[in-house]
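Only a predicted model underlies this, so the values are computations on that prediction, with no experimental measurement involved. Values below: every heavy atom of this structure, side chains too, minus hydrogens, waters and symmetry copies. For this chain, numbers begin at 1 and follow the sequence in order.
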Amino acid sequence: MVDEGLLQAMDEALDELLVTPIALDSWAEGAALVRSVEACARKLRAVQVRVQGELDGSGLYSADGFVSAKTMVRHCGRLSPSRAAARERGTRMAVTLPDVWAALSAGML
């Protein structure tokens, strides 16, 4: 199980970022901020892919009547069918292509 404290800390940090004023003094600061935020978003997507992969590998989704990890993630995450399918493709790529997982988890994809 993932430490709930980690998820809470992430949630609190995001809440803080949402209310913190953004004051940029230069193009370079803006570009750096964009790169940092995008890298964080990509890492969070990597966590989403990893969670779905863990669910898929464990078969835990069937305990509540779901036929696949994709359907569980779609339902619990309130995803559209196309978003759920894209997440499943990402999960399969991460599992079968270690370089893809490395780039994804580093925030590069």
Side-chain angles (χ1 to χ4, degrees):
M1 181 68 179
V2 173
D3 179 359
E4 286 294 320
L6 289 173
L7 296 174
Q8 184 173 348
M10 179 183 64
D11 191 49
E12 290 171 0
L14 290 170
D15 287 343
E16 185 67 26
L17 283 169
L18 288 169
V19 298
T20 299
I22 297 174
L24 301 171
D25 293 325
S26 69
W27 175 92
E29 283 183 7
L33 181 60
V34 167
R35 284 190 291 273
S36 293
V37 169
E38 288 302 316
C40 288
R42 290 179 181 127
K43 286 180 180 182
L44 187 55
R45 284 192 291 277
V47 173
Q48 292 170 324
V49 164
R50 185 173 174 211
V51 168
Q52 184 160 338
E54 291 296 321
L55 287 168
D56 195 40
S58 70
L60 289 173
Y61 55 84
S62 64
D64 200 29
F66 293 105
V67 297
S68 67
K70 180 177 93 173
T71 57
M72 180 182 173
V73 169
R74 179 179 170 203
H75 175 77
C76 295
R78 299 180 186 163
L79 302 180
S80 69
S82 61
R83 187 71 235 146
R87 178 93 45 90
E88 183 180 43
R89 283 191 303 276
T91 300
R92 288 183 181 164
M93 281 191 285
V95 168
T96 58
L97 303 168
D99 290 343
V100 169
W101 173 249
L104 188 64
S105 61
M108 295 168 39
L109 290 178

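Atom SG of Cys40 and atom CG of Leu17 lie 8.0 Å apart (nearest 0.5 Å). Note: Leu44 CG to Met10 CE = 5.5 Å, rounded to the nearest 0.5 Å. Atom CE of residue Met93 and atom CG of residue Asp99 lie 13.0 Å apart, to the nearest 0.5 angstrom. Between the NZ atom of Lys70 and the CG atom of Leu55 there is a distance of 14.5 Å, given to the nearest 0.5 Å. Distance check, rounded to the nearest 0.5 Å: CZ of Arg42 to CG of Leu109 gives 8.0 Å. Here the CD-CG distance, from Glu38 to Leu33, works out to 10.0 Å after rounding to the nearest 0.5 Å.
Between Ala46 and Ser105, the closest heavy-atom pair is CB-CA, 3.9 Å. In terms of heavy-atom proximity, Arg87 sits nearest to Val73 at NH1-CG1, 3.6 Å. The two residues Ala94 and Val49 have their closest heavy-atom pair at CB-CG1, 3.9 Å. In plain terms, the two heavy atoms of Arg74 and Pro81 that are nearest each other are NH2-CG, 3.1 Å.
Placement of Val95 and Val100 in two distinct hydrophobic clusters is found when ILVMFWY residues are connected by side-chain heavy-atom separations under 4.5 Å, directly or transitively. Residues Leu14 and Leu7 share a hydrophobic cluster, clusters being chains of Ile/Leu/Val/Met/Phe/Trp/Tyr side chains in contact below 4.5 Å. Under the 4.5 Å side-chain heavy-atom criterion for ILVMFWY residues, no single connected hydrophobic cluster contains both Trp27 and Val34. Val47 and Trp101 end up in different hydrophobic clusters when Ile, Leu, Val, Met, Phe, Trp and Tyr side chains are linked at under 4.5 Å.
Inter-residue side-chain proximity for Glu88 and Gln52 is flagged as met; some heavy-atom pair is nearer than 4.5 Å. Side-chain contact between Val67 and Tyr61: absent, with no pair of heavy atoms (C-beta onward) separated by less than 4.5 Å.
Taking a 6.0 Å sphere around CG of Leu18, one finds it holds more than 12 heavy atoms contributed by other residues, nucleotides or ligands. With a 6.0 Å radius and a threshold of 12 heavy atoms from other residues, nucleotides or ligands, Arg92 has its CZ atom at or below the threshold.
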